[in-house]
Amino acid sequence: MNTRTRPTITLVPPVEETRYEEELAQGLVNADEEAFAAIYRRWGSLVHTMATRSLGDTHEAEDVTQQVFVGAWRGRHGFRPERGPLGAWLVGITRRKIVDALAARTRRLSLIESAGQDVTPARLVRPAPDEVLDRILLLEALSRLPPAQREVLCLAFYEDLTQAQIAERTGAPLGTVKSHARRGLHRLRTAVDPGTAQEMCA
């Protein structure tokens, strides 16, 4: 992963290195796609490594890396060279995206745990407009659940039923309902906000 950056550090004089970074920064501000591609090649590994170390999950790190560079492109006019080099600016964006990812993970786990404790998560879950990725991931995860587990979770999340009411509705023993809920929630533990999966429950 470092084979790309080491030659740059050892072979390019510091002055030339600084000038090259300034050219890339100017290219970003000017919406130069070739410059942006070079920026991604130069700092993509660093961003991904930071995210992986903080999140401990390769897939989440890939999502954060994508968010960082999409955010850099969209917010390119907010870059101010006088406040610091381009690399430091990207690192700052990365740190913020990592914090957001950790907060989202905590929120998801809290909601799922609440559902497992037989509360009424349908009243707690209000998906935000920027959680499109979470919606897609949850729909995919929910679709892979066995039908019985998916039915129990959908009845709990979207019809606001307790496990006892689900047992009465489905005719299944209460113990079976609890087992389906527990196993289904375990599979969704690393997925996204369960409130975004309503389409799958229709």
Side-chain angles (χ1 to χ4, degrees), residues 1-113 124-141 188-196:
M1 185 174 295
N2 293 327
T3 56
R4 186 167 56 247
T5 57
R6 286 177 181 172
T8 301
I9 294 175
T10 57
L11 298 180
V12 179
V15 174
E16 294 298 324
E17 180 78 4
T18 300
R19 183 177 297 119
Y20 179 58
E21 291 187 8
E22 290 174 350
E23 291 175 357
L24 291 180
Q26 189 59 49
L28 174 65
V29 173
N30 294 337
D32 185 329
E33 294 185 3
E34 291 186 5
F36 185 69
I39 289 169
Y40 181 81
R41 289 193 299 269
R42 188 175 183 81
W43 283 285
S45 294
L46 172 64
V47 170
H48 188 272
T49 298
M50 288 179 61
T52 301
R53 288 176 178 173
S54 298
L55 300 171
D57 184 283
T58 302
H59 296 296
E60 282 189 287
E62 291 172 354
D63 291 336
V64 166
T65 301
Q66 182 179 13
Q67 291 170 24
V68 167
F69 285 95
V70 170
W73 177 259
R74 292 176 177 173
R76 59 188 179 276
H77 297 299
F79 172 66
R80 296 290 181 269
E82 64 274 13
R83 296 180 182 176
L86 179 59
W89 185 65
L90 291 171
V91 167
I93 297 175
T94 302
R95 288 173 176 163
R96 290 193 294 274
K97 294 299 183 182
I98 289 172
V99 170
D100 290 344
L102 290 171
R105 177 193 292 176
T106 300
R107 184 172 62 251
R108 294 195 300 267
L109 293 178
S110 176
L111 290 168
I112 291 173
E113 289 293 345
L124 300 177
V125 179
R126 293 295 181 270
D130 61 346
E131 293 177 342
V132 176
L133 178 61
D134 284 355
R135 291 175 183 272
I136 295 172
L137 293 177
L138 193 283
L139 286 172
E140 181 182 354
L188 295 178
R189 191 170 298 277
T190 58
V192 294
D193 186 343
T196 62

Margin query: Quick check: do Ile39 and Phe69 have side-chain heavy atoms less than 4.5 Å from each other?
Written below: yes
Note to self: Could you check whether any side-chain heavy atom of Trp43 comes within less than 4.5 Å of a side-chain heavy atom of Thr94, counting everything from C-beta outward?
What the structure shows: no
List for me each residue that meets side-chain contact (heavy atoms from CB on, under 4.5 Å) alongside [X], sequence neighbours excluded, and say none if there are none.
X: Ala38; result: Tyr20, Leu24, Arg41
X: Arg83; result: Arg80
X: Thr52; result: His48, Ala61
X: Phe79; result: Ala25, Val29, Pro81, Leu86, Trp89

Check: Is a side-chain donor or acceptor of Arg76 paired with a backbone partner of Trp73 at a separation under 3.5 angstrom?
Finding: yes
Next item on the list: Answer yes or no: is there a donor N or O on one side and an acceptor on the other, between the side chain of Asp32 and the main chain of Glu34, under 3.5 Å?
Entry: yes
Next item on the list: Any pair with a residue in residues 20-31 that passes salt bridge (Lys or Arg N to Asp or Glu O under 4.0 Å), sequence neighbours left out, goes on the list, sorted by first then second residue, please.
Entry: Glu21-Arg42
Notebook entry, point to check: Which salt bridge (Lys or Arg N to Asp or Glu O under 4.0 Å) pairs, counting each pair once, include a residue from residues 85-105, with sequence neighbours left out?
Noted result: Glu60-Arg105
For the residue pair [X] and [Y], what are the closest heavy atoms and their distance?
X: Leu55; Y: Ala101; value: CD2-CB, 3.9 Å
X: Ser54; Y: Leu102; value: O-CD2, 4.3 Å
X: Ile98; Y: Ala51; value: CD1-CA, 3.7 Å

Item checked: Thr65 side, atom OG1; Leu90 side, atom CG - distance, nearest 0.5 Å -> 11.5 Å
Item checked: Distance, nearest 0.5 Å, that separates CD of Gln67 from CD of Glu62 -> 12.0 Å
